[in-house]
Amino acid sequence: MLNPQRSFVRPLLAWHEANGRHQLPWRDPDRSAFEILVAEILLQRTTAASVAGAYLPVIARYPSPEAVVAAHPEAIERRIAPLGLAKRAEFICRSAERLLARHSGDVPHRYEDLLGLHGVGAYTARSVLIHAFDEDIAAVDTNVRRLISRFFDVPPDSRALARLADALAPSQRGSEFQHAMLDFAADVCTASTPKCETCRLMEHCQSSGHAD
DNA sequence: AACCCGGGGAA
DNA sequence: TTCCCAGGGTT
């Protein structure tokens with residue numbers, strides 16, 4: 001097969017530049033690491049469109065671990081109630097407490113430290129490293145899993161898929177690449193009835209019937 | 001490894 | 001009504 005940078009990464013980034021969801025509030029480059037962490041927790045199993053409606057009021061009220069700890073947990077739960085999975089309010093509270101107790105109130109840069117936060121698993125930890133700390137790695141969620149599994153014809157749950165995703169992340173553009181995969185999978189390479197007819201990656205997609 | 005959480009939008 | 005969503009915790 002052709003060089004994945006040429007057949008996959010570059011076309012994907014080009015698509016994203018024109019069609020990406022650049023206006024999503026947690027993608028604002030001025031967001032703090034804590035604000036990004038909160039966004040990633042709220043985005044777990046929850047559509048971006050849904051989170052977009054609740055995010056700004058939440059971080060306006062709770063922009064820091066100090067603000068979260070000072071708040072009533074029920075108040076946070078009320079604000080995120082429309083998103084479902086209400087336990088995430090408690091996750092945010094416990095994570096804020098741990099940031100203050102063990103990390104001077106800062107979001108840690110170490111993967112293992114991030115995993116120590118309640119409600120933060122492999123995906124969320126990687127997302128924080130990518131979007132807050134500019135690491136050129138990938139975070140495999142349901143979208144990325146589906147996209148890479150289809151394009152490269154690799155088993156969805158394989159360990160190889162995660163390593164392949166990391167290897168694809170372009171230097172200095174990890175965050176942009178991650179967003180590109182998420183947006184493309186949400187808009188074109190969808191779970192049901194993907195838009196293969198107009199897909200800009202079709203030429204080399206291993207599931208398209210057009211691939212080499 | 002299986003199971004649970006959950007509201008909301010789209011098909 | 002069913003399917004799906006920037007997963008993770010618990011058992």
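Both backbone and side-chain heavy atoms feed into the values below; hydrogens, waters and symmetry mates do not. Proteins come first, then strands; the chains are lettered A, B, ... in the order of their sequence lines, and each starts at number 1. The model shown is predicted, which means the values in this text are computed figures rather than measured ones.
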Item to complete: Provide the distance between the two P atoms, one in B:dA11 and one in C:dA6, to the nearest whole Å.
Response: 14 Å
Item to complete: Kindly state each residue pair satisfying side chain to side chain donor-acceptor pair (under 3.5 Å) with at least one member in residues 162-172 of chain A, sequence neighbours excluded.
Response: A:R126-A:D166
Worksheet item: So, do A:F34 and A:P63 sit near enough that their side-chain heavy atoms are less than 4.5 Å apart?
Response: no
Worksheet item: For atom P, what is the distance between B:dG6 and C:dT10, given to the nearest Å?
Response: 13 Å
Worksheet item: How are the rings of A:F8 and A:F177 set to each other: parallel, tilted or perpendicular (split at 30° and 60°)?
Response: perpendicular
Discussion item. Could you go through A:H22 and A:H179, starting from their C-alpha distance and side-chain angles, then the distance that decides it, and tell me whether this counts as ring pair (Phe, Tyr, Trp, His ring centres under 6.0 Å)?
Written reply: CA-CA 9 Å; A:H22 306 289; A:H179 288 153; 8.6 Å; no
Worksheet item: Within the structure shown, what part of the strands sits under 4.0 Å from A:A139 by heavy-atom distance: base, sugar-phosphate, or nothing?
Response: nothing
Worksheet, complete the sentence: Once base and sugar-phosphate atoms are separated, protein heavy atoms under 4.0 Å mark nucleotides 1-11 of chain C, 5' to 3', with B, S and - as ---SBBBSSS-
Worksheet entry | 4.5 Å side-chain heavy-atom contact, A:R61 and A:R79 | yes
